[in-house]
J.: 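Before we start, here is the structure in question, set down as structure tokens.
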Amino acid sequence: HKPWPGLIEAYRHRLPVCDTWEPGWAPVTLREGATPLLPARALSELTGCDVHLKVEGLNPTGSFKDRGMTMAVTEAKATGKKGVLCASTGNTSASAAAYAAIAGIECAVLVPAGKIAMGKLAQAVMYGAKIIEVDGNFDDCLELARKTTATFDTIALVNSVNPVRIEGQKTAAFEIVDALGKAPDVHALPVGNAGNITAYWRGYSEYFADGVASSRPRMLGVQAAGAAPLVNGAPVKDPETIATAIRIGSPASWNQAVAAKDESNGEFRAATDEKLLEAYRLIAKTEGVFVEPASAASVAGLLAATADGWIEKGSTVVCTVTGNGLKDPDTALSSLPEIARVGIDPVAVASAMGLTE
Ligand code: F0G
């Protein structure tokens with residue numbers, strides 16, 4: 001039994017690891033990928049479907065971004081870049097910082113001032129990235145990152161507009177088909193900058209084209225209601241949502257996301273912050289999986305789409321939960337129940353538990 005080598009080694013024949021890279025290049029890896037596909041008992045019972053959670057918060061930096069980042073930083077290193085730069089709502093910056101740290105190259109992250117979750121900031125600090133706050137939102141940060149990297153060619157752009165990011169992220173779809181033995185009927189996931197829906201659709205389509213899977217899922221892309229440009233059909237100037245990870249008004253992979261929806265006979269949906277938080281609590285309490293608020297969008301979409309019949313009972317559904325709940329302790333603790341306080345007294349403890357009988 002060989003240890004998991006990380007996704008570049010595992011899926012090398014399906015990834016564009018290039019002839020133009022320096023000879024002797026090696027993967028920059030934290031052994032990302034191979035995340036659990038967890039059967040979701042409570043959600044299955046609730047919806048009448050066969051629901052599975054793809055738990056991407058168990059990647060090395062706690063989000064799916066590591067799949068793309070192993071590719072992007074490997075490429076940056078193998079093509080002689082001196083540093084990497086990204087715009088981020090938090091997870092991309094945490095991931096870029098970690099992979100740059102092990103690659104031994106500079107990393108700077110452009111983040112919207114005051115609008116990223118505390119855990120993600122802590123990660124970027126610890127991995128040693130230069131944190132640059134921008135007076136603006138994610139869309140402004142991305143524009144600045146694009147301009148900077150277009151002007152300075154020793155700096156690589158590691159946002160999902162970098163094509164190798166998408167290539168790395170498509171491996172999640174491979175893992176799902178490998179684990180289920182087939183493609184699901186529906187795949188639900190949160191959508192922000194729209195890189196990930198693009199990546200999953202590519203992964204499913206490649207396996208379908210090669211006959212590994214005999215079908216492809218309908219893609220259900222879920223946005224926060226206050227940041228739902230793809231649902232509205234137009235960019236949102238001042239996106240707002242508690243799910244800061246997907247607080248994005250002008251997704252870079254707009255056309256690819258629409259193609260994924262259209263080609264898969266899928267749809268985009270919006271979920272209000274209230275619905276996102278409901279799903280966020282439900283996943284933790286019933287499935288034992290603590291995700292960040294944005295990640296709950298997939299499950300909020302599942303609940304809405306099974307309630308109105310867009311997803312038929314009996315369907316096999318995979319919901320990607322994209323990031324770990326520990327990244328955003330503030331949101332978790334904002335609805336703190338009353339905390340019991342006792343002396344060193346077993347009866348008081350049992351009584352606080354309501355289990356004195
Ligand atoms: N879920 C989480 C936890 C995210 O961090 C993101 C994006 C998404 C979903 C949406 O994925 O952008 O590919 O549609 N986070 C980016 C970042 C924007 O900077 O960390 P997408």
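Order of appearance sets the numbers: ligands from 1, and atoms from 1 within every ligand. The figures here come from the full heavy-atom set of this structure, side chains too, leaving out hydrogens, waters and symmetry mates.
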J.: Charged N to carboxylate O under 4.0 angstrom, K65 versus E32?
T.: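 Looking at K65 and E32, the cut-off is not met.
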J.: Between R202 and E167, does any NZ, NE, NH1 or NH2 come within less than 4.0 Å of an OD or OE carboxylate oxygen?
T.: yes
J.: With only distance considered, is Q169 within less than 3.5 Å of ligand 1 through an N or O on each side?
T.: no
J.: Treating T47 as the side-chain partner and T306 as the backbone partner, does any N or O pair qualify as donor plus acceptor under 3.5 Å?
T.: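 Not at all, since once roles are kept as given, no pair shorter than 3.5 Å links the two residues.
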J.: Are the side chain of T92 and the backbone N or O of T89 linked by a donor-acceptor pair below 3.5 Å?
T.: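 No.
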J.: So is I248 polar-close to ligand 1, meaning N/O to N/O under 3.5 Å?
T.: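 No; every N/O pair is 3.5 Å or more apart.
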J.: Could you tell me which atoms of ligand 1, counted from 1 in the order shown, lie closer than 4.0 angstrom to a heavy atom of S88?
T.: 17 (C), 19 (O), 20 (O)
J.: Could you tell me whether I246 approaches ligand 1 through its side chain, its backbone, both or neither, with non-hydrogen atoms closer than 4.0 Å?
T.: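 Only the side chain of I246 comes within reach of ligand 1.
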J.: Mark yes or no for whether D139, through its side chain, and G249, through its backbone, hold a donor-acceptor pair below 3.5 Å.
T.: yes
J.: Does A194 have a heavy atom less than 4.0 Å from any atom of ligand 1?
T.: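 Distance cut 4.0 Å: A194 passes for ligand 1.
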J.: For ligand 1 and G323, I'd like to know whether there is a polar contact (N/O to N/O, distance under 3.5 Å).
T.: no
J.: I'd like to check which ligand 1 atoms, numbered from 1 as shown, lie under 4.0 Å from a non-hydrogen atom of E292.
T.: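 What qualifies from ligand 1 is 3 (C).
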J.: About how many Å separate CZ of R14 and OH of Y207, when rounded to the nearest 0.5 Å?
T.: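 Atom-to-atom, Y207:OH and R14:CZ are 5.5 Å apart.
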J.: For ligand 1, which atoms sit closer than 4.0 Å to a heavy atom of T89?
T.: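 Numbered from 1, ligand 1 contributes 15 (N), 16 (C), 17 (C), 18 (C), 19 (O), 20 (O).
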